[in-house]
There are 2 protein chains.
Amino acid sequence: MNRPDSTHADRIFQALGDATRRRLIDLLGSGPRSVSELAGPLDVTVTAVMQHLRVLEDCGLVATEKIGRVRACRLRPEGLDVLDAWIRARRSTWEHRLAALSDILREP
Amino acid sequence: MNRPDSTHADRIFQALGDATRRRLIDLLGSGPRSVSELAGPLDVTVTAVMQHLRVLEDCGLVATEKIGRVRACRLRPEGLDVLDAWIRARRSTWEHRLAALSDILREP
DNA sequence: TTGATACTGAAGTCAAAACTTCAGCAAGGA
DNA sequence: TCCTTGCTGAAGTTTTGACTTCAGTATCAA
């Protein structure tokens, strides 16, 4: 079924769930690129890159700007904040629960 | 195309890319559950839950153990470490690059 | 022993989404 | 002006993977 994703974190996980998009992200990691500069190494058509960029832009991981006839694409580091918050929230909850459990087990 | 995922982080993103699996993770956040206790709230068959558990177990986010005829499922907090490392690595790289860029722009 | 419960495995269905082709259009250069 | 480059949009194809059904198997309890 896979209900519609709602939260920001949901959309980011959904976006990063695709291997091509993660590779795109890593390409942009070494600096801004145009759409066709991304299509080459990714070995897909420029149209496919456009579609991936749309997804990544929608969830805040990438920003693009059209200058003349080329579209400049770059990463948005703040985009990772939501992901980081997701991890922190879970980690602290899970670890607290485990700690509480082991306290109980230590009872006489 | 979407080539086979190779790294551990890749498999985790792939796993968390699915909304049902994220909900499953959140259910386990409040304590261990059996397969059928998960299937109820998720509103899918036990078979579907089994398949999701397989994925989550393979990437180290969940551990399960069969006791008698019920399979006990629990989270593995360490599973998040890989994800956290992925974020940190990118964040620091991206931010350094941006810092370097703004240094250049500040040049006379 | 019998029946109910809890999962497992194989096999198939189906919809979402990744990707393509193709026909534009606008910008830049010769 | 004319050609090339770089992107865009619509539409269709193909693949992936989430989900189901159904037929087991093992465990537990009466």
Side-chain angles (χ1 to χ4, degrees), chain A residues 1-7 9-28 31-59 61-74, chain B residues 1-7 9-28 31-59 61-74:
Chain A
M1 185 179 285
N2 208 359
R3 311 171 169 58
D5 283 341
S6 44
T7 71
D10 275 330
R11 279 183 298 131
I12 291 183
F13 275 118
Q14 169 85 14
L16 292 178
D18 178 73
T20 304
R21 279 194 288 267
R22 285 192 304 277
R23 296 207 300 135
L24 195 160
I25 290 273
D26 279 341
L27 278 175
L28 288 180
R33 294 280 185 281
S34 72
V35 176
S36 38
E37 281 170 343
L38 291 167
L42 289 177
D43 199 32
V44 293
T45 60
V46 284
T47 307
V49 173
M50 284 291 298
Q51 289 163 0
H52 286 307
L53 283 171
R54 174 75 188 276
V55 173
L56 292 169
E57 217 173 348
D58 282 353
C59 72
L61 289 173
V62 161
T64 74
E65 185 191 4
K66 184 132 185 188
I67 302 166
R69 59 183 167 172
V70 338
R71 177 169 296 274
C73 312
R74 63 174 184 79
Chain B
M1 186 178 285
N2 211 358
R3 311 171 170 56
D5 282 342
S6 44
T7 72
D10 274 329
R11 280 183 296 131
I12 292 183
F13 275 118
Q14 169 85 16
L16 292 178
D18 179 72
T20 304
R21 278 194 288 267
R22 285 192 303 276
R23 297 207 299 136
L24 196 160
I25 289 272
D26 280 342
L27 279 176
L28 289 181
R33 294 280 184 281
S34 72
V35 176
S36 37
E37 280 170 342
L38 291 167
L42 289 177
D43 198 32
V44 292
T45 61
V46 285
T47 307
V49 172
M50 283 292 296
Q51 289 163 359
H52 287 307
L53 283 171
R54 174 76 188 275
V55 173
L56 291 169
E57 217 172 349
D58 282 352
C59 72
L61 289 173
V62 162
T64 74
E65 185 191 5
K66 185 131 183 187
I67 300 164
R69 59 183 167 171
V70 338
R71 177 170 295 274
C73 312
R74 61 174 185 81

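Hydrogens, waters and symmetry mates are skipped; everything else that's a heavy atom, side chains included, is used. Throughout, protein chains are lettered first and strands after them, A, B, ... in sequence-line order, and every chain is numbered starting at 1.
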side-chain N/O [X] vs [N] OP1/OP2, d < 4.0 Å:
X	N	answer
Thr45(B)	dC19(D)	no
His52(A)	dC19(C)	yes
Arg54(B)	dG9(C)	no

[X] (side chain) donor-acceptor with [Y] (main chain) under 3.5 angstrom:
X	Y	value
Arg21(A)	Leu56(A)	no
Arg33(A)	Leu38(A)	no
Arg74(B)	Ala63(B)	no

dist Asp58(A):CG -> Gln14(A):CD (nearest 0.5 Å) comes out at 11.5 Å
Separation of [N] [atom2] from [X] [atom1] (nearest whole Å):
X	N	atom1	atom2	answer
Leu53(B)	dC19(D)	CG	C1'	15 Å
Glu65(B)	dC7(C)	CD	P	14 Å
Asp18(A)	dA18(D)	CG	P	13 Å
Leu56(A)	dA18(C)	CG	C1'	13 Å
Leu16(A)	dA17(C)	CG	C1'	16 Å
Asp43(A)	dC19(C)	CG	P	10 Å
Ile67(B)	dC28(D)	CD1	P	11 Å
Leu38(B)	dC19(D)	CG	C1'	16 Å

Enumerate the protein-to-nucleotides 7-14 of chain D contacts in which both atoms are nitrogen or oxygen and the separation is below 3.5 Å.
{"from": "dC7(D)", "atom 1": "OP1", "to": "Val35(A)", "atom 2": "N", "distance (Å)": "3.1"}
{"from": "dC7(D)", "atom 1": "OP1", "to": "Arg71(A)", "atom 2": "N", "distance (Å)": "3.4"}
{"from": "dC7(D)", "atom 1": "OP2", "to": "Ser36(A)", "atom 2": "N", "distance (Å)": "2.9"}
{"from": "dC7(D)", "atom 1": "OP2", "to": "Ser36(A)", "atom 2": "OG", "distance (Å)": "2.4"}
{"from": "dC7(D)", "atom 1": "O3'", "to": "Lys66(A)", "atom 2": "NZ", "distance (Å)": "3.1"}
{"from": "dT8(D)", "atom 1": "OP1", "to": "Arg71(A)", "atom 2": "NE", "distance (Å)": "2.7"}
{"from": "dT8(D)", "atom 1": "OP1", "to": "Arg71(A)", "atom 2": "NH2", "distance (Å)": "2.5"}
{"from": "dT8(D)", "atom 1": "OP2", "to": "Arg71(A)", "atom 2": "NE", "distance (Å)": "3.2"}
{"from": "dG9(D)", "atom 1": "O6", "to": "Thr47(A)", "atom 2": "OG1", "distance (Å)": "3.2"}

Terminal axes of the helix from dT1(C)-dA30(D) to dA30(C)-dT1(D) (5 end pairs apiece), angle rounded to 10 degrees, sit apart by 20°
I'd like to know if Arg22(B) and Asp26(B) make a salt bridge, using a cut-off of under 4.0 Å between side-chain N and carboxylate O. no
Note: for Ala48(A) and Gly68(A) on DNA chain C, the residue whose nearest nucleotide lies more 5' is Ala48(A)
Taking every heavy atom of Val62(A) against every heavy atom of Thr64(A), the minimum-distance pair comes out as CG1-CG2, 4.0 Å
Residues Cys59(B) and Ala15(B): closest non-hydrogen pair is SG-CB, 3.7 Å
Ranking dG17(D), dA18(D), dA18(C) by distance to the side chain of Gln14(B), first place goes to dG17(D)
Walk me through it: do Leu16(B) and Leu16(A) pass the test side chain to side chain contact (heavy atoms under 4.5 Å, CB included)? CA-CA 9 Å; Leu16(B) 292 178; Leu16(A) 292 178; over 6 Å; no
Which of Leu61(A), Asp18(A), Leu42(A) passes side chain to side chain contact (heavy atoms under 4.5 Å, CB included) with Leu24(A)? It is Leu42(A)
